[in-house]
Amino acid sequence: MGLVATLRALARTTRPYDPEFAEAMERRWAELPDVVRTPGQIIGRHGVGCEGTHGVFPKCNLKCTPCYHSRDANQVRVDGPHTREQVAAQLGLLRKLRGPRAHTQLIGGEVSLLPPDDHAATLAIMREHGREPMSFTHGDFDYDYLKQLALGPDGTKRFARLSFAAHFDKFMYGRRGIERPESERALNPYRRRFTAMFARLRRENGVRYFLAHNMTVTPGNLDEVANVIRDSRDLGFGMFSFQPAAFLGDERRWKEEYRQATPDAVWAEVERGAGTRLDYNVFHNGDVRCNRSAYGFYVGDRWFPFLDGDDPRDLAVRDAFFRRFGKVSFTGTPPALLAARLSRVIARHPGTIAIALGWLTRTVRRVGVGRLLRNRFRIRPVTFIMHMFMDAKDVAPAWELMQRGETSDDPRLRETQERLAACQYSMAHPADGALVPACVQHSVLDPAENAQLRTLLPLVEVRTHPAVKEK
């Protein structure tokens with residue numbers, strides 16, 4: 001290849017953004033209701049939202065109250081070829097409709113029920129479609145499983161980095177060693193055990209990781225949320241995600257007056273655990289009635305936001321980021337290549353340097369030089385998130401009207417329709433080329449889907465017989 005051709009190839013590779021990614025975001029922005037087109041909206045300006053799989057391994061080996069699974073979920077066997085086939089089809093549609101880059105969750109039932117090789121092959125499929133995958137688990141598996149997932153038969157790394165979201169709360173029954181937890185604090189040894197496996201994997205095999213902590217919140221554990229954060233903030237989780245329980249899924253498991261744990265009450269407990277106010281209006285992910293997010297970092301035992309929502313200068317930083325870097329895809333881009341792309345943006349907009357230095361100076365002052373020195377400048381990014389699923393009784397009629405192109409006159413259903421239209425978390429249906437919000441999947445589509453899967457992938461009943469003694 002000649003010099004000119006080499007330079008042209010380098011220019012193409014390091015161009016700041018992929019036109020296809022930019023077009024996908026423009027489509028997402030156009031789809032959003034006016035009510036969510038806020039200055040802090042991320043969807044359509046720096047991403048297309050999150051994605052999730054469905055109908056690939058609905059079975060789980062814990063029993064939880066509440067649970068979004070339908071009645072038939074645990075009557076479906078886990079089948080590796082089915083999972084790979086369905087994920088490939090779903091990701092193909094997501095790649096077509098949502099563009100070349102996104103974060104996608106490998107979710108459905110309990111992911112560790114998949115044999116490690118099938119799990120690894122599925123993650124590879126997701127990466128081939130330009131996705132950054134995150135596996136969802138209850139965390140009740142052993143280090144040998146994690147090692148077999150991360151390393152091939154020859155001991156070489158399959159992945160440079162793994163992402164897992166682990167769900168821990170005291171209403172999950174059947175965990176080994178603690179069948180029915182008496183409190184959230186009783187689960188702390190299991191949280192530590194989970195994160196320690198990944199620390200060992202990195203120490204011994206060089207596989208990096210990102211871990212999220214998920215927790216369903218009901219009136220029965222609302223007052224324990226703050227302690228969960230305090231007890232777990234140093235374990236290695238990069239995200240704490242809380243879901244106020246909703247009336248969807250298997251109605252046999254609706255045991256409490258879930259809605260007494262209001263979003264404001266849950267968020268107040270999250271703030272109490274973080275030890276500071278968490279401003280969820282700096283950035284929005286879809287509709288704030290569905291998602292609240294606070295991005296920041298710990299220095300020692302104190303959490304600080306990346307941007308102070310009360311400081312107009314920090315909000316100007318946010319706006320400049322969207323204008324100049326919003327179209328740059330950070331997901332799945334190698335660090336060296338990302339640095340080259342960002343450098344080209346900065347070269348085109350040199351004023352970015354002054355904006356960044358101003359932000360850095362303000363942030364250091366907020367944290368304090370003394371605190372940074374005492375903690376040896378160790379900064380741990382940690383995000384706090386709350387996802388508020390909607391009740392099936394609202395989602396079903398609202399979705400039916402949306403399918404007919406009708407807007408409800410009922411304020412409650414109209415709000416549900418707005419939230420569904422702005423959904424940050426979508427699932428793909430290759431059979432009809434549709435993308436549906438997660439609340440619709442769990443409220444409307446899961447029951448029929450899992451009933452079909454129960455026929456396609458029935459559980460094989462194994463009968464055991466007493467050993468016959470030889471005469």
Side-chain angles (χ1 to χ4, degrees), residues 1-30 37-49 95 98-103 127 129-132 160-161 208 210 238 282-285 293 295-297 299 304-309 311-367 369 372 377-381 383:
M1 183 183 292
L3 178 60
V4 174
T6 300
L7 292 175
R8 285 176 177 170
L10 181 63
R12 284 194 301 271
T13 302
T14 62
R15 65 185 176 186
Y17 64 87
D18 182 342
E20 186 182 2
F21 179 63
E23 290 171 6
M25 286 199 296
E26 289 175 3
R27 290 196 300 271
R28 283 291 282 138
W29 184 260
R37 292 183 184 176
T38 62
Q41 184 59 249
I42 294 174
I43 295 178
R45 301 174 76 194
H46 189 55
V48 294
R95 171 66 178 79
R98 285 289 166 85
R101 293 286 183 269
H103 289 269
R127 290 190 181 279
H129 286 82
R131 268 50 194 168
E132 182 67 23
R161 180 176 184 266
R208 295 178 292 110
F210 179 86
V282 177
F283 291 104
H284 289 160
N285 285 286
S293 307
Y295 300 91
F297 57 91
V299 179
F304 301 88
F306 283 121
L307 298 177
D308 183 350
D311 190 329
R313 296 169 298 178
D314 275 16
L315 296 181
V317 171
R318 176 198 64 190
D319 299 341
F321 176 85
F322 282 140
R323 286 197 309 272
R324 298 175 185 177
F325 298 100
K327 295 179 181 179
V328 179
S329 176
F330 286 58
T331 299
T333 304
L337 180 56
L338 179 59
R341 291 175 175 174
L342 296 179
S343 296
R344 290 186 63 174
V345 176
I346 293 170
R348 189 179 303 170
H349 303 284
T352 302
I353 296 175
I355 295 173
L357 288 175
W359 166 79
L360 182 60
T361 300
R362 290 191 302 275
T363 303
V364 169
R365 286 174 179 166
R366 279 199 292 267
V367 175
V369 175
L372 288 167
F377 289 88
R378 184 167 180 259
I379 295 172
R380 296 178 292 116
T383 302

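- Between Ser329 and Leu338, the closest heavy-atom pair is O-CD1, 4.2 Å.
- Judged by distance alone, with hydrogens and angles left aside, the side-chain atoms of Arg131 form a donor-acceptor pair with the main-chain N or O of His129 at under 3.5 Å.
- Closest non-hydrogen pair, Thr363 versus Phe297, comes out as CG2-CZ, 3.8 Å.
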Inset, instruction - Could you go through the side-chain contact (heavy atoms from CB on, under 4.5 Å) check for Phe306 and Thr383 one step at a time? - result: CA-CA 10 Å; Phe306 283 121; Thr383 302; 6.0 Å; no
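- Between the side chain of Arg28 and the backbone N or O of Val48, at least one donor-acceptor pair lies under 3.5 Å.
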Inset, instruction - Just do the side-chain contact (heavy atoms from CB on, under 4.5 Å) check on Phe304 and Val299 with the steps written out, would you? - result: CA-CA 8 Å; Phe304 301 88; Val299 179; 4.3 Å; yes
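- Classified by interplanar angle (parallel below 30°, tilted 30° to 60°, perpendicular above 60°), the ring pair Phe283/Phe322 is perpendicular.
- In this structure, Phe330 and His46 have perpendicular ring planes: the angle between them is above 60°, well past the 30° mark.
- The minimum heavy-atom distance between Thr14 and Ala340, with the atom names listed, is CG2-CB, 3.9 Å.
- More than 12 heavy atoms of other residues, nucleotides or ligands shown are found within 6.0 angstrom of CZ on Arg15.
- One distance of note links CG of Asp314 with CZ of Arg366; it measures 4.5 Å at 0.5 Å rounding.
- Side-chain N or O atoms of Arg45 include one that pairs as donor or acceptor with a backbone N or O of Pro39 at under 3.5 Å.
- For the residue pair Arg161 and Arg127, the shortest heavy atom distance occurs at O-NH2, 3.0 Å.
- Side-chain atoms of Arg380 never come within 3.5 Å of backbone atoms of Gly238 as a donor-acceptor pair (strictly under, hydrogens ignored).
- Checking side-chain atoms of Arg318 against main-chain N and O of Val282 turns up a donor-acceptor pair under 3.5 Å.
- Using a 4.5 Å heavy-atom threshold, the side chains of Ile355 and His349 count as separate.
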Inset, instruction - Verify side-chain contact (heavy atoms from CB on, under 4.5 Å) between Trp359 and Leu307, making sure each step is shown before the conclusion. - result: CA-CA 8 Å; Trp359 166 79; Leu307 298 177; 3.6 Å; yes
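- Looking only at side-chain heavy atoms (C-beta outward), Thr331 and Phe21 stay at 4.5 Å or farther from each other.
- Within the model, atoms CE of Met25 and CD1 of Ile43 stand 11.5 Å from one another, a figure rounded to the nearest 0.5 Å.
- Atom CZ of Phe325 has more than 12 heavy atoms from other residues, nucleotides or ligands within 6.0 Å.
- The CD atom of Glu23 lies 9.5 Å from the NZ atom of Lys327; values are rounded to the nearest 0.5 Å.
- When every heavy atom of Pro381 is checked against every heavy atom of Ile379, the shortest pair comes out as CD-O, 3.5 Å.
- Summarising the geometry of Arg324 relative to Gly351, their closest heavy-atom pair is NH1-C, 3.9 Å, with the distance given to 0.1 Å.
- At a threshold of 4.0 Å, the pair Glu20-Arg101 does not count as salt-bridged, since none of the basic side-chain nitrogens sits closer than that to a carboxylate oxygen.
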